[in-house]
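These notes are about the structure you will find just below.
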Amino acid sequence: EPEVTQTPSHQVTQMGQEVILRCVPISNHLYFYWYRQILGQKVEFLVSFYNNEISEKSEIFDDQFSVERPDGSNFTLKIRSTKLEDSAMYFCATIGEQGDTEAFFGQGTRLTVV
Amino acid sequence: DAKTTQPPSMDCAEGRAANLPCNHSTISGNEYVYWYRQIHSQGPQYIIHGLKNNETNEMASLIITEDRKSSTLILPHATLRDTAVYYCIVRVYNQGGKLIFGQGTELSVKP
């Protein structure tokens with residue numbers, strides 16, 4: 001079964017540092033997403049990305065966040081200056097060519113800001 | 001905000017059918033009902049989706065009422081590995097739109 005791969009699985013960073021979370025989407029998928037889940041809370045949408053640009057973003061996705069596909073394969077989420085409240089699980093998800101059916105989620109990156 | 005309402009928790013005996021209800025009274029004509037589940041803190045996993053007809057796959061069955069205002073996910077023979085949080089989500093099909101997760105139902109399958 002195809003899968004979305006996320007690295008690292010766990011990252012610890014100091015407050016104020018920049019972090020980059022990486023995702024390798026399923027090949028030929030065209031719709032990409034980042035979600036986050038603070039411990040004990042629901043999964044929250046951050047941003048969607050299609051055709052090399054952001055198609056939608058939530059109010060959580062402020063100027064501290066950015067996304068890109070630097071090499072046409074990896075899909076990255078950058079947090080420029082991390083805050084304690086950025087500590088969460090971050091999930092990448094992808095959907096196929098037609099934007100239909102199921103979204104495939106990665107296993108997540110656990111970000112801990114200290 | 002999520003357009004669905006689910007009970008926060010349910011229990012089910014191993015080997016019995018688990019019936020998870022969902023209310024989506026404001027669903028639009030072009031919105032499908034999707035079900036996902038999340039085991040511990042793993043990434044959400046797709047289970048099934050439907051528009052108005054009942055659907056069945058190898059994991060579960062989805063029963064949608066005729067007025068489409070509610071649905072039920074059925075796991076026919078629940079196992080301990082089905083213990084998870086189950087999310088009912090309404091979403092427009094075929095447009096790559098985001099999934100909006102609610103709180104879901106925490107299903108505990110007990111031996």
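Throughout, protein chains are lettered first and strands after them, A, B, ... in sequence-line order, and every chain is numbered starting at 1.
The number of heavy-atom neighbours closer than 6.0 Å to NZ of Lys83(A), taken from other residues, nucleotides and ligands shown, is above 12. Around atom CD of Glu31(B), more than 12 heavy atoms belonging to other residues, nucleotides or ligands sit under 6.0 Å away. Other residues, nucleotides and ligands place more than 12 heavy atoms under 6.0 Å from the CZ atom of Arg69(A).
For a residue to count as touching a neighbouring chain, one of its non-hydrogen atoms must lie under 4.5 Å from one of that chain's; by this rule Tyr87(B) touches chain A with the side chain only. Contact annotation for Ile47(B): neither backbone nor side-chain heavy atoms come within less than 4.5 Å of a heavy atom of chain A. The contact between Gln38(B) and chain A is made entirely by side chain atoms (from C-beta outward), counting heavy-atom distances below 4.5 Å. Contacts of Glu56(A) with chain B are made by side-chain atoms alone, with heavy-atom separations under 4.5 Å and no backbone atom involved. Neither the backbone nor the side chain of Phe104(A) comes within contact range of chain B; no heavy atoms are under 4.5 Å apart.
Relative to the ring axis of Phe101(B), Lys42(A) does not place its NZ or CZ within 45° and under 6.0 Å from the centre.
Of the listed residues (Gln6(A), Gln37(A), Gln41(A)), the one with the most heavy-atom contacts under 4.5 Å to chain B is Gln37(A).
Proximity of Arg110(A) to Ser41(B): side-chain heavy atoms (C-beta onward) are separated by under 4.5 Å at one or more points.
Criterion: ILVMFWY side-chain heavy atoms under 4.5 Å apart, direct or through other members. Under it, Met89(A) and Leu21(A) are not part of a common hydrophobic cluster. In the hydrophobic clustering of ILVMFWY residues, with side-chain heavy atoms under 4.5 Å counting as a link, Phe61(A) and Phe45(A) come out apart. Using a 4.5 Å cut-off between side-chain heavy atoms of Ile, Leu, Val, Met, Phe, Trp and Tyr, with links allowed through other members, Phe32(A) and Val4(A) fall into different hydrophobic clusters. Linking Ile, Leu, Val, Met, Phe, Trp and Tyr whenever their side-chain heavy atoms come within less than 4.5 Å puts Ile60(A) and Phe49(A) in one cluster.
The backbone N or O of Gly43(B) lies less than 3.5 Å from no partner atom in the side chain of Tyr35(A), so there is not a single donor-acceptor pair. Between the Tyr36(B) side chain and the Ala103(A) main chain, a donor and an acceptor come within less than 3.5 Å of each other.
The hydrophobic cluster around Val114(A) extends to Val12(A), counting ILVMFWY residues whose side-chain heavy atoms fall within less than 4.5 Å of a member.
Phe105(A) contributes atom CZ, which lies 11.5 Å from atom CD of Gln45(B) (distance to the nearest 0.5 angstrom).
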